[in-house]
Amino acid sequence: MEIADVAHKYHISMATLRYYEELGLLPPIAQAHGRRDFSPADLQRLEFILCMKDADMSLQTIKQYFELYDQGSATLPQRLALLETQKQATEKKLQAIAQAWAYLNYKIGLTKGHWEHYKQEHEKVNTLKLKDTD
(Lines give C-alpha, C1' and ligand atoms only; values in the text may rest on other atoms or scores of the structure.)
Protein backbone atom coordinates (compact mmCIF):
# COMPACT_ATOMS: atom_id res chain seq x y z
CA MET A 1 0.00 0.00 0.00
CA GLU A 2 1.43 3.38 -0.98
CA ILE A 3 2.17 6.03 1.61
CA ALA A 4 -0.70 8.33 0.53
CA ASP A 5 -3.16 5.45 0.88
CA VAL A 6 -1.79 4.54 4.31
CA ALA A 7 -1.98 8.16 5.44
CA HIS A 8 -5.58 8.38 4.26
CA LYS A 9 -6.62 5.05 5.78
CA TYR A 10 -5.19 5.87 9.23
CA HIS A 11 -5.93 9.62 9.20
CA ILE A 12 -2.30 10.64 9.67
CA SER A 13 0.02 12.66 7.52
CA MET A 14 2.64 11.28 5.19
CA ALA A 15 5.18 13.33 7.15
CA THR A 16 4.17 11.47 10.32
CA LEU A 17 4.70 8.14 8.57
CA ARG A 18 8.14 9.25 7.40
CA TYR A 19 8.91 10.49 10.92
CA TYR A 20 7.99 7.12 12.43
CA GLU A 21 10.29 5.46 9.91
CA GLU A 22 13.06 7.96 10.69
CA LEU A 23 12.71 7.26 14.44
CA GLY A 24 12.90 3.53 13.81
CA LEU A 25 9.34 2.87 14.94
CA LEU A 26 8.62 1.57 11.48
CA PRO A 27 11.27 -0.49 9.72
CA PRO A 28 12.69 0.88 6.48
CA ILE A 29 9.71 0.66 4.14
CA ALA A 30 10.29 -1.20 0.90
CA GLN A 31 10.24 0.96 -2.19
CA ALA A 32 8.44 0.07 -5.39
CA HIS A 33 9.08 2.37 -8.35
CA GLY A 34 10.56 5.00 -6.03
CA ARG A 35 7.56 5.04 -3.68
CA ARG A 36 7.15 3.55 -0.23
CA ASP A 37 5.17 0.33 -0.36
CA PHE A 38 3.79 -0.65 3.06
CA SER A 39 3.46 -4.38 3.66
CA PRO A 40 0.77 -5.97 5.83
CA ALA A 41 3.41 -6.39 8.57
CA ASP A 42 4.22 -2.65 8.33
CA LEU A 43 0.54 -1.83 8.70
CA GLN A 44 0.22 -4.09 11.74
CA ARG A 45 3.17 -2.32 13.32
CA LEU A 46 1.62 1.07 12.49
CA GLU A 47 -1.69 -0.02 14.05
CA PHE A 48 0.20 -0.94 17.22
CA ILE A 49 1.92 2.47 17.24
CA LEU A 50 -1.36 4.32 16.80
CA CYS A 51 -3.11 2.25 19.45
CA MET A 52 -0.32 2.83 21.96
CA LYS A 53 -0.31 6.56 21.15
CA ASP A 54 -4.06 6.59 21.84
CA ALA A 55 -3.19 5.05 25.21
CA ASP A 56 -0.68 7.92 25.71
CA MET A 57 2.39 5.72 25.42
CA SER A 58 5.35 7.88 24.44
CA LEU A 59 7.14 7.32 21.15
CA GLN A 60 10.27 6.57 23.16
CA THR A 61 8.50 3.78 25.06
CA ILE A 62 6.99 2.42 21.84
CA LYS A 63 10.48 2.33 20.36
CA GLN A 64 11.76 0.58 23.48
CA TYR A 65 8.97 -1.99 23.12
CA PHE A 66 9.93 -2.67 19.49
CA GLU A 67 13.61 -2.96 20.40
CA LEU A 68 12.65 -5.59 22.97
CA TYR A 69 10.32 -7.29 20.49
CA ASP A 70 13.09 -7.51 17.91
CA GLN A 71 15.26 -9.33 20.47
CA GLY A 72 12.80 -12.21 20.58
CA SER A 73 10.89 -14.19 23.17
CA ALA A 74 13.50 -13.76 25.88
CA THR A 75 12.20 -10.20 26.31
CA LEU A 76 8.57 -11.18 26.88
CA PRO A 77 8.72 -10.28 30.60
CA GLN A 78 10.04 -6.78 29.85
CA ARG A 79 7.46 -6.23 27.12
CA LEU A 80 4.70 -7.41 29.41
CA ALA A 81 5.92 -5.01 32.10
CA LEU A 82 5.83 -2.08 29.63
CA LEU A 83 2.31 -2.96 28.54
CA GLU A 84 1.04 -3.46 32.08
CA THR A 85 2.55 -0.14 33.18
CA GLN A 86 0.80 1.58 30.27
CA LYS A 87 -2.45 -0.20 31.06
CA GLN A 88 -2.33 1.09 34.66
CA ALA A 89 -1.66 4.64 33.45
CA THR A 90 -4.51 4.35 30.95
CA GLU A 91 -6.87 3.05 33.65
CA LYS A 92 -6.07 6.08 35.81
CA LYS A 93 -6.72 8.37 32.87
CA LEU A 94 -10.01 6.60 32.14
CA GLN A 95 -11.08 7.11 35.76
CA ALA A 96 -10.21 10.80 35.54
CA ILE A 97 -12.12 11.11 32.27
CA ALA A 98 -15.12 9.30 33.77
CA GLN A 99 -15.12 11.73 36.69
CA ALA A 100 -14.85 14.70 34.33
CA TRP A 101 -17.69 13.28 32.21
CA ALA A 102 -19.90 12.86 35.27
CA TYR A 103 -19.14 16.40 36.39
CA LEU A 104 -19.91 17.75 32.91
CA ASN A 105 -23.27 16.00 32.99
CA TYR A 106 -23.94 17.51 36.43
CA LYS A 107 -23.06 21.02 35.22
CA ILE A 108 -25.10 20.55 32.05
CA GLY A 109 -28.08 19.57 34.17
CA LEU A 110 -27.66 22.61 36.39
CA THR A 111 -27.20 24.92 33.45
CA LYS A 112 -30.26 23.55 31.68
CA GLY A 113 -32.25 24.08 34.88
CA HIS A 114 -31.03 27.67 35.17
CA TRP A 115 -31.75 28.25 31.48
CA GLU A 116 -35.31 26.92 31.81
CA HIS A 117 -35.86 29.10 34.89
CA TYR A 118 -34.45 32.12 33.07
CA LYS A 119 -36.71 31.54 30.04
CA GLN A 120 -39.79 31.17 32.28
CA GLU A 121 -38.96 34.38 34.16
CA HIS A 122 -38.26 36.21 30.91
CA GLU A 123 -41.60 35.04 29.50
CA LYS A 124 -43.39 36.27 32.64
CA VAL A 125 -41.75 39.68 32.32
CA ASN A 126 -42.67 39.91 28.64
CA THR A 127 -46.25 38.87 29.41
CA LEU A 128 -46.48 41.56 32.13
CA LYS A 129 -45.08 44.17 29.76
CA LEU A 130 -47.66 43.28 27.14
CA LYS A 131 -50.47 43.58 29.70
CA ASP A 132 -49.16 46.97 30.84
CA THR A 133 -49.23 48.31 27.30
CA ASP A 134 -52.82 47.19 26.67
Side-chain angles (χ1 to χ4, degrees):
M1 183 180 288
E2 289 187 8
I3 191 169
D5 297 326
V6 173
H8 179 75
K9 178 179 180 176
Y10 293 100
H11 308 287
I12 56 176
S13 70
M14 291 187 294
T16 298
L17 290 166
R18 290 185 198 103
Y19 180 64
Y20 290 167
E21 186 179 0
E22 182 183 310
L23 288 179
L25 295 174
L26 290 171
I29 304 299
Q31 302 248 343
H33 309 290
R35 294 184 171 189
R36 286 176 172 82
D37 186 26
F38 287 75
S39 70
D42 297 330
L43 297 178
Q44 280 185 316
R45 195 165 173 127
L46 177 60
E47 288 170 2
F48 178 85
I49 294 166
L50 298 175
C51 181
M52 293 301 105
K53 281 185 51 59
D54 284 345
D56 280 343
M57 184 181 276
S58 70
L59 293 179
Q60 180 182 354
T61 304
I62 295 170
K63 184 173 182 177
Q64 181 183 4
Y65 178 90
F66 284 138
E67 288 168 351
L68 291 168
Y69 180 85
D70 291 341
Q71 292 174 35
S73 297
T75 64
L76 282 169
Q78 294 96 322
R79 286 185 273 156
L80 181 59
L82 283 176
L83 294 172
E84 287 177 338
T85 298
Q86 193 61 46
K87 180 183 175 189
Q88 289 172 354
T90 303
E91 285 172 345
K92 286 181 183 176
K93 186 169 187 169
L94 280 171
Q95 290 171 355
I97 290 170
Q99 288 175 345
W101 185 80
Y103 186 74
L104 279 167
N105 282 326
Y106 165 74
K107 290 302 285 182
I108 288 168
L110 283 178
T111 304
K112 282 181 177 178
H114 290 308
W115 176 242
E116 289 302 318
H117 178 74
Y118 171 81
K119 288 191 310 187
Q120 289 172 1
E121 290 299 315
H122 190 68
E123 287 173 11
K124 287 179 188 176
V125 169
N126 283 340
T127 301
L128 290 174
K129 284 181 182 178
L130 289 174
K131 286 182 180 178
D132 285 345
T133 58
D134 288 340

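Hydrogens, waters and symmetry mates are skipped; everything else that's a heavy atom, side chains included, is used. Sequence positions, counted from 1, serve as the residue numbers for this chain.
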Residue set satisfying side chain to side chain contact (heavy atoms under 4.5 Å, CB included) with Lys112, at least two apart, ordered chain then number -> Ile108
Contacts of Lys63 meeting side chain to side chain contact (heavy atoms under 4.5 Å, CB included) (sequence neighbours excluded), chain-then-number -> Leu25, Glu67
**Study point:** Any Met14 side-chain heavy atom under 4.5 Å of Val6 side chain
**Key:** no
Is Leu68 reachable from Leu76 through a run of I, L, V, M, F, W or Y residues, each pair having side-chain heavy atoms under 4.5 Å apart?
no
Exercise for review: Carefully, step by step, assess Met52 and Leu83 under the rule side-chain contact (heavy atoms from CB on, under 4.5 Å).
Suggested key: CA-CA 9 Å; Met52 293 301 105; Leu83 294 172; 4.1 Å; yes
- request: Let me see the working for Met57 and Ile49 under side-chain contact (heavy atoms from CB on, under 4.5 Å), right down to the final yes or no.
  value: CA-CA 9 Å; Met57 184 181 276; Ile49 294 166; over 6 Å; no
For residues 29-43, tabulate all N or O donor-acceptor pairs below 3.5 Å that involve a side-chain atom, not counting sequence neighbours.
| unit_1 | atom_1 | unit_2 | atom_2 | d |
| --- | --- | --- | --- | --- |
| Arg35 | NH1 | Glu2 | OE1 | 3.1 |
| Arg36 | NE | Glu21 | OE1 | 2.6 |
| Arg36 | NH2 | Glu21 | OE1 | 3.3 |
| Asp37 | OD1 | Met1 | N | 2.9 |
| Ser39 | OG | Ala41 | N | 3.4 |
| Ser39 | OG | Asp42 | N | 3.1 |
| Ser39 | OG | Asp42 | OD2 | 3.1 |
| Asp42 | OD2 | Ser39 | N | 2.9 |

Taken in chain and number order and not counting sequence neighbours, the residues that satisfy side chain to side chain contact (heavy atoms under 4.5 Å, CB included) with Trp115 are Tyr118, Lys119
Sequence neighbours excluded, the answer for ring pair (Phe, Tyr, Trp, His ring centres under 6.0 Å) partners of Phe66 is Phe48
Side chain to side chain donor-acceptor pair (under 3.5 Å) filter on Arg79, not counting sequence neighbours, yields Thr75
With sequence neighbours left out, the residues meeting side chain to side chain donor-acceptor pair (under 3.5 Å) with Thr61 are Ser58
Joining Ile, Leu, Val, Met, Phe, Trp and Tyr whenever any side-chain heavy atoms lie under 4.5 Å apart, the cluster holding Leu94 also takes in none
Connected to Tyr106, directly or through other members, by ILVMFWY side-chain contacts below 4.5 Å are Tyr103, Leu110
dist Glu84:CD -> Leu82:CG (nearest 0.5 Å) comes out at 10.0 Å
Residues passing the side chain to side chain contact (heavy atoms under 4.5 Å, CB included) test with Asp56, sequence neighbours excluded, are Gln86, Lys93
message = As a quick check of understanding, evaluate side-chain contact (heavy atoms from CB on, under 4.5 Å) for Gln88 and Lys92, giving each step before the final call.
response = CA-CA 6 Å; Gln88 289 172 354; Lys92 286 181 183 176; 5.6 Å; no
In short, side chain to side chain donor-acceptor pair (under 3.5 Å) pairs touching residues 4-16 with sequence neighbours left out are Tyr10-Glu47, Ser13-Thr16
**Prompt:** Can you tell if the side chain of Leu23 reaches within under 4.5 Å of the side chain of Ile62, non-hydrogen atoms only?
**Reply:** no
Distance col, row Leu46:CG vs Leu17:CG, nearest 0.5 angstrom, shows 6.0 Å
Arg45 and Pro27 have their tightest heavy-atom pair at CD-CD, 3.7 Å
Taking the side chain as every heavy atom from C-beta outward, state whether Gln95 and Gln99 have any pair of such atoms under 4.5 Å apart. no
